[in-house]
Amino acid sequence: MLKDKFISEILARRGELVGKKVRVCGWVHRVRDLGRIKFLVVRDRTGTIQAVLKKGETPDKAMAAAEDLRLESVVCVDGVLREAPTKEGVEVKVESLRVLNTPVEPLPLEVEGSEKALLATRLRYRWIDLRNPRVTAIFIFKAWVAKVFRDYYESQGFIEIFTPKIVAAGTESGAEVFPVLYFDKTVYLAQSPQFYKQFAVIGGLERVFEIGPVFRAEPHHTTRHLNEYHSLDIELGFIESHEDVMNYVEGFMVSLAKRIDEEPARRALETFNAEPPRIPASGIPRIKIREAYEILREVYGKEIPEGEDLDSEAEKLMGKYARENYDSDFVFIVEYPWKVRPFYTMRKDEEPQWTRSFDLLYRGLEVVTGGQREHRYNKLLENIKDKGLNPEDFEFYLDFFKHGAPPHGGAGMGLERIVMQTLGLGNIREARLLPRDTERVTP
RNA sequence: GCCGCGGUAGUAUAGCCUGGACUAGUAUGCGGGCCUGUCAAGCCCGUGACCCGGGUUCAAAUCCCGGCCGCGGCGCCA
């Protein structure tokens, strides 16, 4: 390995490393050339550190190598760490400078302050944009959210699964799918792992989760939709109702909120000046959609017809309501109308126009959808017909329910949306390394 | 899918409404120079742009039409 330590590690251990030789490998973030003395700021994923070269003190070979440096040159610097009046309190007195690569063209985007460029430009040159510490922080945070997800569900007895993304069935929750040529057949990119996570529960794994890509062929033009995103999915058996599913969703959100002071998260929140997610001690409020209609009408003068879904304005208002009345950044909206939910949703026995389902709003944006699934074969068949769908199209799925399907339910959570809402990003594309939208398929 | 707004150097912008002194301004980057403690270093010099096509006009960055691209709102969803 050329590199033995991240810059953050050198800085964290500066006490013991001062006076010793260190090696810093990274990108040239800035060059301040004062003639007989040159300062290089070297950056890696974890931070920046200053290296200094002085004519007469630094070996000529290193001085010569420094002449050809440009911004974003890739370097390894060897030298002695010493105390200095820099932001970090230390600097590297250069003894040798190795230039591993030099940009062959001027930079189309400046790393520092790249977020000031148009998002389109940043995405076009994402490999440069990504070097901006503010951008790096988003993806380190995203990885941390996924880790907390994995940690939490593993601790609750869930098994991680990996389901097919190439599927035969068409639409299952209303979202449009992308067709794919698969040998001599047309198949589709999975718009959710829905059927297969249920399959895994029915197959006896009982509690499962998956972190995987999903594909939506909707021509969105918004700041909160992607055509490809990562879904955090869970599914669990032996539940009494959708309340059990909500408890597990809530458990994850509480875990996120509790662990938010861990290093990568703390730094990201600080970078974006974001408030930690707020969940009251009493838990996330759960409001039936029937009550939400009333709240919207009476408190905000917003009319949503009974039995209709909340529109995005209504979701924003309910988010505001939860914040002001429950001191909560989250709110569950519960028991959605059957008419706006997919066929596999379990209806309430006594009130079949309502379902055992929920959405979770986070700062006024839907980030989770879930509920109890219909596990009784005959009821499932009825529901398919009631939705005007053809049972033959779902034969492979229906078969799962013929040989012992326990009562079960689950939820799907939008990873990028959780990241966006936590950090207060203006556009979900910022939370995706290489977003796919209606026009963008490169890089 | 419907609707709205936009496209000026590598990047980000001013100018457009009210066509002409625009030789298209500014910042930053980039190239060169000066400088031995800078830290978004500074100072000096230089470089570089009106999306494409058509139209109106004596005259178009500016007005009109079409195309392409970008951004956003709604819808749908995570």
Side-chain angles (χ1 to χ4, degrees), chain A residues 29-42 48-58 63 70-72 82 84-89 91 93 103 105-125 128-129 132 171-177 191-194 212-233 249 308-315 336 340-342 359-362 365-370 411-421 426-429 431-432 437-440:
Chain A
H29 188 61
R30 206 155 278 282
V31 180
R32 291 188 279 269
D33 185 348
L34 278 70
R36 298 173 66 81
I37 182 165
K38 289 187 212 304
F39 300 97
L40 309 182
V41 178
V42 180
T48 56
I49 191 167
Q50 176 169 290
V52 62
L53 301 96
K54 260 190 210 184
K55 216 164 233 171
E57 292 181 29
T58 305
M63 290 305 291
R70 303 190 195 189
L71 295 188
E72 299 309 309
R82 66 179 185 193
T86 61
K87 277 184 205 148
E88 296 80 22
E91 68 183 6
K93 182 172 183 270
E105 283 181 15
L107 295 169
L109 192 63
E110 288 154 58
V111 169
E112 186 155 44
S114 73
E115 72 272 11
K116 283 181 228 146
L118 298 170
L119 189 56
T121 309
R122 296 170 55 195
L123 295 175
R124 165 73 181 81
Y125 300 106
I128 298 169
D129 183 51
N132 179 338
T171 303
E172 133 264 306
S173 76
E176 292 295 319
V177 288
Q191 50 129 295
S192 108
Q194 183 61 40
V214 295
F215 306 90
R216 303 284 166 99
E218 303 280 351
H220 304 118
H221 294 102
T222 77
T223 54
R224 58 184 190 281
H225 289 94
L226 293 164
N227 293 296
E228 177 183 30
Y229 68 92
H230 264 66
S231 181
L232 305 174
D233 272 277
V249 170
E308 294 295 328
D309 205 348
L310 303 184
D311 59 26
S312 45
E313 190 197 4
E315 288 180 352
Y336 276 76
V340 304
R341 286 290 176 161
D359 275 8
L360 178 66
L361 309 183
Y362 179 19
L365 179 67
E366 180 182 337
V367 295
V368 182
T369 292
M413 327 188 195
L415 175 57
E416 288 80 3
R417 284 197 174 179
I418 293 171
V419 170
M420 170 168 81
Q421 291 305 88
N427 193 314
I428 198 164
R429 278 165 261 238
R432 187 90 194 161
D437 55 37
T438 51
E439 296 294 336
R440 210 179 318 269

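Each chain gets a letter, A, B and so on, in the order the sequences are listed, and its residues count up from 1.
Among the nucleotides B:rC69, B:rC35, B:rG29, the one closest to any side-chain atom of A:E110 is B:rG29. Closest to the side chain of A:P108, out of B:rG75, B:rG10, B:rC39, is B:rG10. Of the candidates B:rG72, B:rU36, B:rC30, the closest approach to any side-chain atom of A:I37 belongs to B:rU36. In this structure, the nucleotide among B:rC74, B:rG37, B:rA40 sitting nearest to the side chain of A:R82 is B:rG37. Comparing B:rG72, B:rA78, B:rG37 by their closest approach to the side chain of A:N427 singles out B:rG72. Distance from the side chain of A:L118 is smallest to B:rA12 among B:rC77, B:rA12, B:rG37. Checked against B:rU11, B:rU36, B:rG1, the side chain of A:T121 finds its nearest nucleotide in B:rU11. When each of B:rC77, B:rU38, B:rG72 is scored by its nearest atom to the side-chain atoms of A:E91, the top-ranked nucleotide is B:rU38. Distances from the side chain of A:T223 to the nucleotides B:rG72, B:rU11, B:rG37 place B:rG72 closest. Nearest nucleotide to the A:R216 side chain, out of B:rC77, B:rG31, B:rA40: B:rC77.
Among the heavy atoms of the strands, none lies under 4.0 Å from A:V214. Residue-level contact check: A:H220 touches the bases, meaning some heavy atom is under 4.0 Å from a base atom. In this structure, A:T86 reaches the bases: a heavy-atom distance under 4.0 Å links it to at least one base atom across the strands shown. Looking at heavy-atom distances under 4.0 Å, A:E416 makes no contact with the nucleic acid at all. Residue A:L365 is classed as having no contact, given no heavy-atom separation below 4.0 Å to the nucleic acid. Across all strands shown, A:D359 has no heavy atoms under 4.0 Å from either base or sugar-phosphate atoms. Within 4.0 Å of A:R429, counting heavy atoms only, lie sugar-phosphate atoms of the nucleic acid but no base atom. Residue contacts shown for A:R224 include a base, since a base heavy atom lies under 4.0 Å away. Contact annotation for A:R124: no contact, since no heavy-atom pair falls under 4.0 Å across all strands.
B:rC16 and B:rC64 are spaced 14 Å apart, taking the P atom of each and rounding to whole Å. With C1' as the reference atom, B:rA61 and B:rG19 are 10 Å apart, rounded to whole Å. Nucleotides B:rU57 and B:rG15 place their P atoms 29 Å apart, quoted to the nearest Å. A distance of about 24 Å separates the C1' atoms of B:rG32 and B:rC39, rounded to the whole Å. Taking atom C1' on both nucleotides, B:rC58 is separated from B:rU8 by 26 Å, rounded to a whole Å.
B:rG37 has no base stacking with the ring of A:F39 when judged by centroids under 5.5 angstrom apart and an interplanar angle below 30°.
At B:rG37, none of the side-chain N or O atoms of A:K87 fall inside 4.0 Å of OP1 or OP2 (strictly under the cut-off). Under 4.0 angstrom from either OP1 or OP2 of B:rC74 there lies at least one side-chain N or O belonging to A:S312. One finds no side-chain N or O of A:R36 lying less than 4.0 angstrom from the OP1 or OP2 phosphate oxygen of B:rU38.
With hydrogens and angles left out, the side chain of A:H225 and the base of B:rC76 share a donor-acceptor pair within 3.5 Å. With hydrogens and angles left out, the side chain of A:R417 and the base of B:rC77 share a donor-acceptor pair within 3.5 Å.
Side-chain atoms of A:T48 and A:E88, non-hydrogen and from C-beta on, do get closer than 4.5 Å to each other. In this structure, the side chains of A:R216 and A:H225 stay at 4.5 Å or more apart for every pair of heavy atoms. The shortest distance between side-chain heavy atoms of A:R224 and A:E366 does not fall below 4.5 Å. The side-chain heavy atoms of A:E416 and A:H230, taken from C-beta on, include a pair separated by under 4.5 Å.
None of A:R70, A:K55, A:K38 except one satisfies the salt bridge (Lys or Arg N to Asp or Glu O under 4.0 Å) rule with A:D33; the exception is A:K38.
For A:R70 and B:rG10, the CZ to P distance is 17 Å, given to the nearest whole Å. At whole-Å resolution of the value, CG in A:L310 and P in B:rC77 are 12 Å apart. Taking atom CD of A:E439 as the reference point, atom C1' of B:rG70 lies 9 Å away to the nearest angstrom. Distance CD (A:E228) to C1' (B:rA78): 14 Å, rounded to an integer number of Å. Nucleotide B:rA78 holds its P atom 19 Å from the CG atom of A:D437, rounded to whole Å. For A:Q191 and B:rC77, the CD to C1' distance is 10 Å, given to the nearest whole Å. Rounded to whole Å, atom C1' of B:rC77 lies 15 Å from atom CD1 of A:I418.
Side-chain atoms of A:N132 do not come within 3.5 Å of backbone N or O of A:E112 as any donor-acceptor pair.
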